[in-house]
Number of protein chains: 2
Amino acid sequence: MSVPLYQAKAEMFRTLGHPVRIRVLELLQAGPRPVRDLLSEIDVEPSNLSQQLAVLRRTGVVVSFRDGGLVMYALSTPDVADLLAAGRRILGAVLSDRDGLLAELKAHSAADQ
Amino acid sequence: MSVPLYQAKAEMFRTLGHPVRIRVLELLQAGPRPVRDLLSEIDVEPSNLSQQLAVLRRTGVVVSFRDGGLVMYALSTPDVADLLAAGRRILGAVLSDRDGLLAELKAHSAADQ
DNA sequence: ACACGAATTGAAGACTTCTGCAATTCGGCA
DNA sequence: TGCCGAATTGCAGAAGTCTTCAATTCGTGT
């Protein structure tokens, strides 16, 4: 297995390694959404959100298109949901006897899908 | 869902966002291995590998223990394998009509499990 | 053509991560 | 006890990421 392939994999995971970007992906699991909506739910500067969306676009995990006066974003593949779900499971396993984040993870896991 | 939980999720993914760390996790999927072995397979300075192992330990995705004269590392939960598999699938989907990395991904996917 | 809101881009400073070197710790064994 | 290899730690410079500001693009509607 070549070094470039490992770098591609690493880049893929690094793309998810930011709270705003995780949040965007979770919101997009429910279907395409305009930037407008993401902005109203995420509490971040518009320019910052745009930067994070650009990171997600560059790696190819989301795509964007225009619909009327709004720009829409969508997951490029539903496989992203599996990745997020696997991340949740590991977080649960890892936190299971550590700090108070676990209770919260459990309490919200259904709503956060 | 609280901000700290998003940060924990992001941290989890960021932990995987490095070629050496990805490589270590893939090697550990086959079972516990001593640092010695990892070093012989990864081509990185010993101190650098130690730093990356420390990152993985801090997040809790791997654990370490001593066995005779060697330090062993192992996955803390088999769920990590799911995460890597999901990453591979997304990479395949994302690269499917881009550059030459796709062919390589396919050619090696069985051996790289 | 013009003005407006929506979204993106560019750039700078603060901050974090990465890498390699030298020094250190730690256990096992003569 | 003293030595040896295995692994880790501390550190400093280089490289990369994050955030915010101001400026810009782009389409829509008048």
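Here is how names work: the chains are called A, B, and so on, in the same order as the sequence lines, proteins then strands, and each is numbered from 1.
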Peer 1: To the nearest Å, give me how far apart CZ (R58(B)) and P (dT8(D)) are.
Peer 2: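 In whole Å, dT8(D) P lies 12 Å from R58(B) CZ.
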
Peer 1: L56(B) CG to dA7(D) C1': how many Å, rounded?
Peer 2: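 The answer, rounded to whole Å, is 16 Å.
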
Peer 1: Of the candidate nucleotides dT9(D), dA7(D), dT19(C), which contains the atom at the shortest distance from the side chain of R57(B)?
Peer 2: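 Looking only at side-chain atoms, R57(B) lies closest to dT9(D).
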
Peer 1: Could you state the atom-to-atom distance from CD of Q51(B) to P of dA22(C) in whole Å?
Peer 2: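 That distance rounds to 16 Å.
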
Peer 1: Are any non-hydrogen side-chain atoms of N48(A) and V20(A) less than 4.5 angstrom apart?
Peer 2: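 Not in contact.
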
Peer 1: Can you tell if the side chain of L16(A) reaches within under 4.5 Å of the side chain of R21(A), non-hydrogen atoms only?
Peer 2: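 No - every pair of side-chain heavy atoms lies 4.5 Å or more apart.
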
Peer 1: It should be established whether Q52(B) places a side-chain nitrogen or oxygen under 4.0 Å from OP1 or OP2 of nucleotide dT19(C).
Peer 2: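 For Q52(B), the contact criterion (side-chain N or O under 4.0 Å from OP1 or OP2 of dT19(C)) is met.
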
Peer 1: Less than 4.5 Å apart, any side-chain heavy atom of Q29(B) and any of L25(B)?
Peer 2: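 Contact flag for Q29(B)/L25(B) side chains = no.
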
Peer 1: Between the side chain of R33(A) and the main-chain N/O of Y73(A), is any donor-acceptor distance below 3.5 Å?
Peer 2: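 Not at all, since once roles are kept as given, no pair shorter than 3.5 Å links the two residues.
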
Peer 1: Nearest whole Å is fine: how far is dC18(C) P from R23(B) CZ?
Peer 2: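 Answer to the nearest Å: 18 Å.
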
Peer 1: In terms of side-chain heavy atoms of H18(B), which of dC18(C), dT17(C), dA6(D) is nearest?
Peer 2: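 The closest nucleotide is dC18(C).
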
Peer 1: Could you state the CZ-P distance from R14(A) to dG16(D), rounded to the nearest angstrom?
Peer 2: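 Computing the R14(A):CZ to dG16(D):P distance gives 10 Å.
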
Peer 1: Whole angstroms only, please: what is the CG-P distance between L49(B) and dC21(C)?
Peer 2: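 Going from L49(B) (CG) to dC21(C) (P), I get 16 Å.
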
Peer 1: Determine whether L53(B) and S64(B) make a side-chain contact, defined as any pair of heavy atoms from C-beta on separated by less than 4.5 Å.
Peer 2: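 Side-chain contact under 4.5 Å: no.
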
Peer 1: To the nearest angstrom, how far is L39(B) atom CG from dG5(D) atom C1'?
Peer 2: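 It is 13 Å, rounded to the nearest whole Å.
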
Peer 1: Between atom CZ in R21(A) and atom C1' in dC18(D), what is the gap in whole Å?
Peer 2: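 Distance check: R21(A) CZ to dC18(D) C1' gives 9 Å.
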
Peer 1: Do NZ/NE/NH1/NH2 and the carboxylate oxygens of E26(A) and R88(A) come within less than 4.0 Å?
Peer 2: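 Salt bridge flag = yes for R88(A) with E26(A).
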
Peer 1: Would you mind telling me which of dA7(D), dT8(D), dT19(D) lies closest to the side-chain atoms of R36(B)?
Peer 2: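 It is dA7(D).
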
Peer 1: Quick test of your reading of the model: are E11(A) and R58(A) salt-bridged, counting only N-O distances below 4.0 Å?
Peer 2: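 Judged by the 4.0 Å cut-off on N to carboxylate O distance, E11(A) and R58(A) do not form a salt bridge.
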
Peer 1: Is the backbone of G60(B) close enough, under 3.5 Å, to the side chain of S76(B) for a donor and an acceptor to pair up by distance?
Peer 2: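 Judged by distance alone, yes, a pair lies under 3.5 Å.
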
Peer 1: Going by heavy atoms in the side chains, are V61(A) and L83(A) under 4.5 Å from each other?
Peer 2: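 Heavy-atom side-chain distance check fails, nothing below 4.5 Å.
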
Peer 1: So if I take residues 65-73 of chain B and measure heavy-atom distances to DNA chain D, which residues fall below 4.0 Å?
Peer 2: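 Heavy-atom cutoff 4.0 Å gives L70(B), V71(B), Y73(B).
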
Peer 1: Go nucleotide by nucleotide along DNA chain D from the 5' end; which of G17(A) and D37(B) gets its closest nucleotide reached first?
Peer 2: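 Per heavy-atom nearest nucleotide, the more 5' residue is D37(B).
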
Peer 1: Please list residues of residues 40-48 of chain A whose heavy atoms come under 4.0 Å from any atom in DNA chain D, ordered by number; otherwise none.
Peer 2: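 Those residues whose heavy atoms fall under 4.0 Å from DNA chain D, taken from residues 40-48 of chain A in numerical order, are E45(A), S47(A), N48(A).
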
